[in-house]
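Here is the structure we will look at.
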Amino acid sequence: FFYVVKVTANNPAQLLPKCTSIISWQKIPLLEGDSDYDDISIPVYSFQGSISGYKAGGISPPSSPTIVNTIQKYSFTSDANSTDVGDLNNVAQGAAGQSSATHGYSSGGKSDPGPTQYLNTIEKYSFTTDGNGIDVGDLTTANRVDVPAGASSAESGYTAGGTVNPGGASIYSDVIDKFPFSVDANATDVGDLTENRFFLAGNSSSTHGYRTGGIAPTVNTIDKFSFSVDGNATDVGDLVSIRSQHSGQSSTTHGYASGG
């Protein structure tokens, strides 16, 4: 094995060329017959994935709505239908989704149309091997969260907003929860949105998470919060119209809000 480093700046150095600030180590195996790493391709975090997309949970079919736990997978490299590759541990409607480089996550949601079956679980499933989700932690809201929005950095997943259900009375949430990808663990409360709301959409850049729209009552606010420093969100703009129950998409340069 040899080690490579993730760097923050370029500068000649005697032992580690082009490196002045080491922020993480990555262990890479040498291939048989190799004595150095001159011709080895080093895997890096791919923003939003590069091979497949995943959808987990929801309600199906529309004619006779039933909350489901299906994990579906579809190709990014060719246009084709999705395939059923596993099941979540819980049936889940309105859960938030997050992605690390190796796993998909489903957090929060609701397991029953009634007012008391809100979920605070964090589930994880593999991108490399098709299979079921496993429960790896809990969100901070003990009374469970429904219809939050997800975001992902390279190191952590975020779940924000939604509704909480203390004593059967649903109230809107402004909590930003964060959980690590490197270990299975519960989430921690790291900040607040600018408004309490649910039915909002989430977006991610490489450095920040975004939340758009939602019901608080219905708004068009665009909130932004940092991945590098825990803290509250700030209002950085507005959608062209008030919107809720929409979806969010992200490129490396822009966020999108569609439908609703």
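Computed from a predicted structure; not experimentally measured.
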| Roughly how far, to the nearest 0.5 Å, is the NZ atom of Lys73 from the OG atom of Ser82? | 11.5 Å
| Rounded distance [0.5 Å steps], OH in Tyr105 versus NE2 in His103 | 6.0 Å
| request: Count the heavy atoms of every other residue, nucleotide or ligand shown that sit under 6.0 Å from CG of Asp84, and state whether that count exceeds 12. | output: yes
| query | Hey, does the side chain of Asn186 reach the backbone of Asp138 with a donor-acceptor pair shorter than 3.5 angstrom? | reply | yes
| request: Tell me, with the steps shown, if Tyr172 and Glu195 meet side chain to side chain contact (heavy atoms under 4.5 Å, CB included). | output: CA-CA 9 Å; Tyr172 307 156; Glu195 300 163 294; over 6 Å; no
| query | Would you say Arg243 and Thr212 make side-chain contact, with heavy atoms under 4.5 Å? | reply | no
| query | Just checking, any donor-acceptor pair under 3.5 angstrom between side chains of Asp135 and Thr121? | reply | no
| query | Any link between Ile59 and Val91 through a network of hydrophobic side chains (Ile, Leu, Val, Met, Phe, Trp, Tyr) touching at under 4.5 Å? | reply | yes
| query | Are Phe198 and Ile171 connected, step by step, through hydrophobic side chains (Ile, Leu, Val, Met, Phe, Trp, Tyr) whose heavy atoms are closer than 4.5 Å? | reply | no
| request: Would you mind reporting whether Arg197 and Asp223 have side-chain heavy atoms less than 4.5 Å apart? | output: yes
| request: Would you check if the side chain of Ser204 reaches a backbone N or O of Ser152 as a donor-acceptor pair within less than 3.5 Å? | output: yes
| field | Heavy-atom check, side chain of Glu155 versus side chain of Phe227, under 4.5 Å | value | no
| Quick one: are Asn120 and Thr141 in side-chain contact, heavy atoms under 4.5 Å? | no
| task | Flag yes if Phe181 and Leu139 sit in one hydrophobic cluster, no otherwise; membership is Ile, Leu, Val, Met, Phe, Trp, Tyr, and two members link when side-chain heavy atoms are under 4.5 Å apart. | result | yes
| What class does the angle between the rings of His208 and Tyr210 fall in, given that below 30° is parallel, 30 to 60° is tilted and above 60° is perpendicular? | tilted
| field | Smallest separation among heavy atoms of Ser156 and Lys178, with atom names | value | OG-CE, 3.4 Å
| Check: Leu193 main-chain N/O paired with Arg211 side-chain donor or acceptor under 3.5 Å | no
| said: So, taking the atom named OG in Ser111 and the one named CD in Gln93, what distance separates them when rounded to the nearest 0.5 Å? | reply: 9.5 Å
| query | How far does OG1 of Thr218 sit from CD1 of Ile242, to the nearest 0.5 angstrom? | reply | 5.5 Å
| Quick one: CD on Gln245 to CD1 on Ile215, what's the gap to the nearest 0.5 Å? | 5.5 Å
| message | Check whether Ser126 reaches the backbone of Thr128 with its side chain - one donor and one acceptor, N or O, closer than 3.5 Å. | response | yes
| task | Work out which heavy atom in Gly255 is nearest to a heavy atom in Asn203; give both atom names and the distance. | result | CA-ND2, 3.9 Å
| query | What is the ring orientation for Tyr125 with Phe127, classed by angle as parallel under 30°, tilted 30 to 60°, or perpendicular over 60°? | reply | perpendicular
| said: Taking Leu200 as the starting point, is it possible to reach Val219 by hopping between hydrophobic residues whose side chains are less than 4.5 Å apart? | reply: no
| field | Any donor-acceptor N/O pair, Ser205 side chain to Thr207 backbone, under 3.5 Å | value | yes
| Between Thr83 and Val85, is there a donor-acceptor pair closer than 3.5 Å when you use the side chain of the first and the backbone of the second? | no
| request: Would you tell me whether Asp235 and Thr221 have side-chain atoms, one donor and one acceptor, within less than 3.5 Å of each other? | output: no
| said: Tell me the closest heavy-atom pair linking Ser75 and Ser78, and the distance in Å. | reply: OG-N, 3.2 Å
| said: Side chains of Ile71 and Leu88, heavy atoms from C-beta outward: is any pair under 4.5 Å? | reply: yes
| query | Heavy atoms, side chains only, cut-off 4.5 Å: are Phe76 and Ile51 in contact? | reply | no
| said: I want to check something: taking the side chain as every heavy atom from C-beta on, are Ile222 and Leu239 in contact at a cut-off of under 4.5 Å? | reply: yes
| query | Does the side chain of Tyr158 come within less than 4.5 Å of Ser153's, by heavy atoms? | reply | yes
| note | One should read off an interatomic distance between Ile122 CD1 and Ser106 OG, to the nearest 0.5 angstrom, of 10.0 Å
| message | If we ignore hydrogens and angles and just use 3.5 Å, is the side chain of Asp230 paired with the main-chain N or O of Val190 as donor and acceptor? | response | no
| task | Compare every heavy atom of Ala149 with every heavy atom of Ala96, then report the nearest pair and how far apart it is. | result | CB-C, 3.8 Å
| task | Please name the pair of heavy atoms, one in Pro148 and one in Gly94, separated by the smallest distance, quoted to 0.1 Å. | result | CD-O, 3.2 Å
| task | Check whether any side-chain N or O of Asn232 sits under 3.5 Å from a backbone N or O of Gly191 as a donor-acceptor pair, and report yes or no. | result | no
| query | Under 3.5 Å, side chain of Asn220 to main-chain N/O of Gly213, donor-acceptor pair present? | reply | no
| Can you name the closest pair of heavy atoms from Ser107 and Gln98 and give their distance? | OG-NE2, 3.1 Å
| said: According to a hydrophobic-cluster definition based on side-chain heavy atoms being under 4.5 Å apart (Ile, Leu, Val, Met, Phe, Trp, Tyr only), do Val175 and Val164 belong together? | reply: no
